[in-house]
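Beneath this line is the structure, given in structure tokens, with notes to follow.
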Amino acid sequence: MNKQSLMPRVAVVLAALGAVAAGSAFSAQAATSQTPTASVSTAAESQGELFPELNGLRIKAVNSNDVYLVLDGRRHLIPSSVTYSALFESTDGVRLVLTTANIADRGPLTAYAYLARSTDDTTVYLVSNGYKREISATAIDKFGFNQQAVRTTYPSVLAALPSAAPLT
């Protein structure tokens with residue numbers, strides 16, 4: 001990808017990240033922003049693109065109550081406020097964006113996804129969609145995961161789950 005073809009994509013990402021949502025991630029109130037906006041092409045909306053630079057962000061579209069977590073450059077719906085609270089410290093890190101349609105959709109996180117570690121190890125994992133994903137200490141802070149919500153379980157429970165790529 002050359003520098004000129006990258007510029008419109010970067011402009012859309014920057015415009016979308018310009019406003020930060022205030023208040024609850026699941027509130028019905030739409031926040032407004034003075035940030036300039038950019039239009040997104042219909043082709044990008046219908047298929048979606050990968051945005052690895054957004055990994056770890058929680059995003060919410062202006063006219064929607066749905067909150068997504070970006071993993072591997074794709075958006076994953078956080079299915080409920082219960083799941084949200086089991087994973088994150090607060091709603092302060094949710095970013096208000098113009099649209100989420102331009103980001104490739106990878107489906108929702110599992111209802112009741114959770115953070116876990118075994119009784120014999122301090123490694124923390126995100127458990128969702130039938131997989132465990134190791135979370136580095138840096139990623140715990142970057143993603144805003146709630147360390148107080150980490151469940152302690154038997155090593156055999158985590159060993160039974162297949163591993164997915166770690167979150168760093």
Side-chain angles (χ1 to χ4, degrees), residues 13 16-17 19-31 45-168:
V13 171
L17 290 177
V20 177
S24 170
F26 293 93
S27 71
Q29 297 176 341
E45 288 180 6
S46 63
Q47 295 187 15
E49 296 181 44
L50 295 179
F51 287 90
E53 62 273 19
L54 302 181
N55 284 343
L57 291 182
R58 288 164 279 151
I59 57 173
K60 177 185 174 303
V62 178
N63 296 320
S64 173
N65 291 327
D66 294 339
V67 177
Y68 296 89
L69 173 63
V70 180
L71 298 172
D72 307 318
R74 296 175 177 92
R75 63 185 160 103
H76 297 262
L77 176 68
I78 301 170
S80 69
S81 59
V82 173
T83 302
Y84 188 95
S85 297
L87 297 175
F88 303 102
E89 291 181 25
S90 72
T91 58
D92 292 342
V94 176
R95 303 272 181 126
L96 188 64
V97 296
L98 299 174
T99 182
T100 58
N102 59 327
I103 301 171
D105 185 12
R106 186 60 180 208
L109 296 176
T110 302
Y112 307 109
Y114 62 96
L115 304 172
R117 68 177 177 83
S118 70
T119 55
D120 65 350
D121 189 6
T122 59
T123 304
V124 177
Y125 297 91
L126 169 63
V127 179
S128 182
N129 303 90
Y131 291 91
K132 67 179 184 234
R133 296 186 75 165
E134 182 179 338
I135 308 169
S136 71
T138 305
I140 288 175
D141 292 334
K142 175 183 173 184
F143 284 57
F145 286 126
N146 184 354
Q147 294 186 46
Q148 304 303 316
V150 176
R151 299 179 188 179
T152 303
T153 189
Y154 293 105
S156 59
V157 172
L158 289 174
L161 293 169
S163 295
L167 302 176
T168 55

- Task: Check for a donor-acceptor pair, side chain of Lys132 on one end and backbone N or O of Leu158 on the other, with a separation under 3.5 Å.
- Result: yes
Please answer whether the main-chain N or O of Pro108 pairs with a side-chain N or O of Tyr68 as donor and acceptor at a distance below 3.5 Å. no
For Pro79 and Leu109, the nearest pair of non-hydrogen atoms, with its separation, is CG-O, 3.5 Å
CG (Asp72) and CZ (Arg133) are apart, to the nearest 0.5 Å, by 4.0 Å
For Thr110 and Gly130 the tightest heavy-atom approach is OG1-N, 4.4 Å
Separation between OG (Ser128) and CD1 (Ile78), nearest 0.5 Å, reads 10.0 Å
For Arg117 and Val124 the tightest heavy-atom approach is CB-CA, 4.4 Å
CG (Leu69) and CG (Leu87) are apart, to the nearest 0.5 Å, by 8.0 Å
Between Thr91 and Arg58 the two heavy atoms that sit nearest each other are CA-NH1, 4.5 Å
CG of Asn146 to OH of Tyr84, rounded to nearest 0.5 Å, is 10.5 Å
Next on the checklist: Is it the case that over 12 heavy atoms from other parts of the model lie below 6.0 angstrom from the CZ atom of Arg106?
Outcome noted: no
Nearest heavy-atom approach of Leu167 to Ala139 is O-CB, 3.3 Å
Within a strict 4.5 Å, meaning less than it, do heavy atoms of the Ile59 and Ile103 side chains meet? yes
* Thr83 (side chain) donor-acceptor with Tyr112 (main chain) under 3.5 angstrom -> yes
Would you say the side chain of Arg95 lies within less than 4.5 Å of the side chain of Leu54, judging by non-hydrogen atoms? no
Can you find a pair of side-chain heavy atoms, one from Val97 and one from Leu57, that are under 4.5 Å apart? no
Fill in: Note: Asp66-Arg75 ion pair, threshold 4.0 Å (strictly below)
no
inquiry  = Run Ile135 and Lys142 through side chain to side chain contact (heavy atoms under 4.5 Å, CB included) and show every step you take.
reply    = CA-CA 10 Å; Ile135 308 169; Lys142 175 183 173 184; over 6 Å; no
Rounded to the nearest 0.5 Å, the NZ atom of Lys60 sits from the OG1 atom of Thr100 at a distance of 10.5 Å
Residues at least two apart in sequence or cross-chain that pass side chain to side chain donor-acceptor pair (under 3.5 Å) with Thr138, listed by chain then number, are none
For residues 136-168, the ring pair (Phe, Tyr, Trp, His ring centres under 6.0 Å) pairs (sequence neighbours left out) are Phe88-Phe145, Phe143-Phe145
On a heavy-atom basis, the closest approach of Ala86 and Ala149 is O-CB, 3.5 Å
**Asked** Side-chain contact, heavy-atom cut-off 4.5 Å: Leu115 with Ile140?
**Response** no
